[in-house]
Amino acid sequence: MKILIINSGSSSIKFQLMDMPSERLICSGLVERIGYDDAIINYKPNGDSYKQTYPIKSHKDGLNKIVELLLDADKGVINNTNEIEVVGHRVVHGGNSFSNTTLITAEVKEKIHEYAALAPLHNPGNLEGILVSEEIFPSAKQVAIFDTAFHQTIPEKAKKYAIPNELYEKHGIQVYGFHGTSHQYVTEKAVAYLGMGSSKIITIHLGNGCSMTAVKDGKSIDTSLGFTPSNGLVMGSRSGDIDHAVIFHLVNNLKYSLDEVKTLLTNKSGMLGLTGKMDLRDIEAEAEKGNKECILALAISTYRIKKYIGAYIAAMNGLDAIVFSAGIGENSSVIRGLVCSDLEVFGIYLDAAKNEVKSSELREINKSESKVKILVIPTNEELEIAKQAFDLLN
Ligand code: AMP
């Protein structure tokens with residue numbers, strides 16, 4: 001069964017075509033800068049790689065261009081769009097309505113539209129991708145996989161904010177959590193690797209967006225992103241945890257508009273706010289040269305992660321494994337080293353040499369005497385989406 005996985009953002013479409021259940025990747029690609037005359041398409045069929053620039057006005061144009069490439073006489077990988085039996089769509093916010101992958105119906109689309117109020121940067125693009133894909137692949141089954149679904153097992157004591165109850169009951173103001181497909185994918189890998197009947201794991205997803213999840217017996221019981229993907233850890237350009245009174249001070253005394261505050265905390269804060277740089281590779285290189293701001297930013301971001309580790313050990317009354325994943329978690333030995341230092345009290349001992357090993361495989365980087373396993377597990381959200389879509393339909 002050929003499954004096309006679509007991750008449609010506000011100005012980009014990531015795609016992968018996968019054969020299931022063999023899990024063979026047929027091709028992958030990315031359309032960026034939708035809406036511009038110089039939109040960029042990266043297309044990787046069967047080990048080759050092509051990069052081209054086109055004017056792409058809309059998601060519809062973008063998806064049509066993807067289909068053109070898939071059908072291309074030279075670079076193509078299918079003969080007919082009917083070969084694609086399933087399209088799996090990543091959807092960021094599913095509110096409380098979806099704890100599982102689901103076939104897309106008119107009602108599902110309505111809900112995704114409704115939750116756009118809670119994820120204005122993500123859900124509209126996700127929905128656009130679904131609508132266009134229904135037109136282009138009319139015979140395919142359309143399936144939605146929600147970033148929030150894995151966190152639906154979080155108990156009320158962890159998901160309710162201490163604000164008047166009616167805001168939770170009538171307006172759904174609560175912790176939803178995000179990066180669910182990633183946390184779920186690495187959890188499944190870690191549980192299989194540990195081979196334990198019951199387990200207590202902390203999964204740490206560190207990419208441009210960052211989040212941590214406490215996973216007990218394979219289920220999310222708490223997570224650091226909340227009502228929107230802005231809470232918790234220090235991210236590329238998002239502040240993470242901050243005293244909400246800072247917002248009142250910015251508005252009332254420093255005369256920021258609410259939109260300016262939103263832009264400040266979402267697009268100008270985090271590592272970018274602390275250093276003027278967003279890519280961790282640049283920040284690490286500067287820190288290496290002695291740049292004080294960059295050294296401090298690494299300390300601030302990893303200190304925050306350590307605080308959450310402590311909190312989640314308390315929440316689960318123990319810990320069997322820590323999992324690092326995503327762009328930073330998989331690649332930065334510096335961040336892993338800072339996070340795992342001075343945690344001996346919890347039985348966490350990093351092996352410095354193993355931490356430096358570069359690999360794209362699951363690996364264990366703790367010392368042999370460490371009570372807690374420290375694992376690096378490359379995440380694969382697209383494969384998780386394909387697996388869930390396949391399982392739903394078989
Ligand atoms: P993601 O959102 O998972 O694609 O992660 C993207 C981020 O990972 C980039 O912005 C970089 O900061 C970081 N990253 C990728 N490769 C490396 C590396 N080799 N060392 C440090 N950070 C990296």
Side-chain angles (χ1 to χ4, degrees), residues 5 7-16 28-32 40 42 44 90 92 119 121-122 125 147 178-187 189 203-213 223-225 229-230 232-240 266-289 291 293-295 297-302 304-305 323-340 350 352 354-363 365 375-385:
I5 300 116
N7 183 349
S8 170
S10 52
S11 66
S12 69
I13 304 174
K14 257 196 214 171
F15 64 96
Q16 281 195 5
S28 64
L30 170 66
V31 185
E32 288 174 288
I40 304 160
N42 270 291
K44 296 184 179 172
R90 177 190 179 204
V92 166
L121 294 180
H122 298 99
D147 261 22
F178 298 89
H179 298 139
T181 44
S182 175
H183 287 293
Q184 185 167 7
Y185 178 82
V186 298
T187 291
K189 291 273 174 199
T203 54
I204 311 181
H205 176 106
L206 301 177
N208 257 329
C210 300
S211 67
M212 289 173 63
T213 299
T223 195
S224 62
L225 289 171
S230 52
L233 306 181
V234 177
M235 301 177 232
S237 66
R238 287 171 261 176
S239 67
T266 310
N267 306 111
K268 297 183 178 172
S269 294
M271 298 306 266
L272 181 65
L274 291 170
T275 68
K277 299 175 202 316
M278 215 165 109
D279 194 308
L280 191 77
R281 286 163 285 205
D282 301 334
I283 297 167
E284 285 183 0
E286 279 297 309
E288 181 77 18
K289 287 190 233 154
N291 178 320
E293 277 182 354
C294 291
I295 293 169
L298 293 174
I300 293 169
S301 59
T302 52
R304 183 86 53 89
I305 297 171
V323 177
F324 287 96
S325 72
I328 295 170
E330 290 163 31
N331 294 302
S332 173
S333 57
V334 172
I335 291 286
R336 292 192 302 255
L338 289 168
V339 168
C340 295
L350 183 77
K354 288 185 188 163
N355 186 34
E356 293 302 329
V357 173
K358 295 200 188 318
S359 157
S360 54
E361 302 293 315
L362 182 156
R363 55 204 187 273
I365 58 169
L375 306 175
V376 180
I377 305 186
T379 192
N380 192 336
E381 289 168 281
E382 285 77 16
L383 178 55
E384 182 64 32
I385 289 172

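All ligand and atom numbering here is 1-based and tracks the order in the structure.
- Within 4.0 Å of ligand 1, protein heavy atoms belong to Gly207, Asn208, Asp279, Leu280, Arg281, Ala326, Gly327, Ile328, Asn331, Ser332, listed by chain and number.
- No donor-acceptor distance shorter than 3.5 angstrom exists from the side chain of Ser332 to the backbone of Gly329, with no hydrogens or angles considered.
- Between the side chain of Arg90 and the backbone N or O of Asp147, no donor-acceptor pair lies under 3.5 Å.
- Note that NZ of Lys14 is 12.0 Å distant from CD1 of Ile5, once rounded to the nearest 0.5 Å.
- Residue Lys44 places its NZ atom among 12 or fewer non-hydrogen atoms of other residues, nucleotides or ligands, all under 6.0 Å distant.
- Using the six-membered ring where Trp is involved, His179 and His205 have ring planes that are parallel, under 30° apart on the 30 and 60° scheme.
- In this structure a side-chain-to-backbone donor-acceptor pair under 3.5 Å is missing from Ser8 to Ile13.
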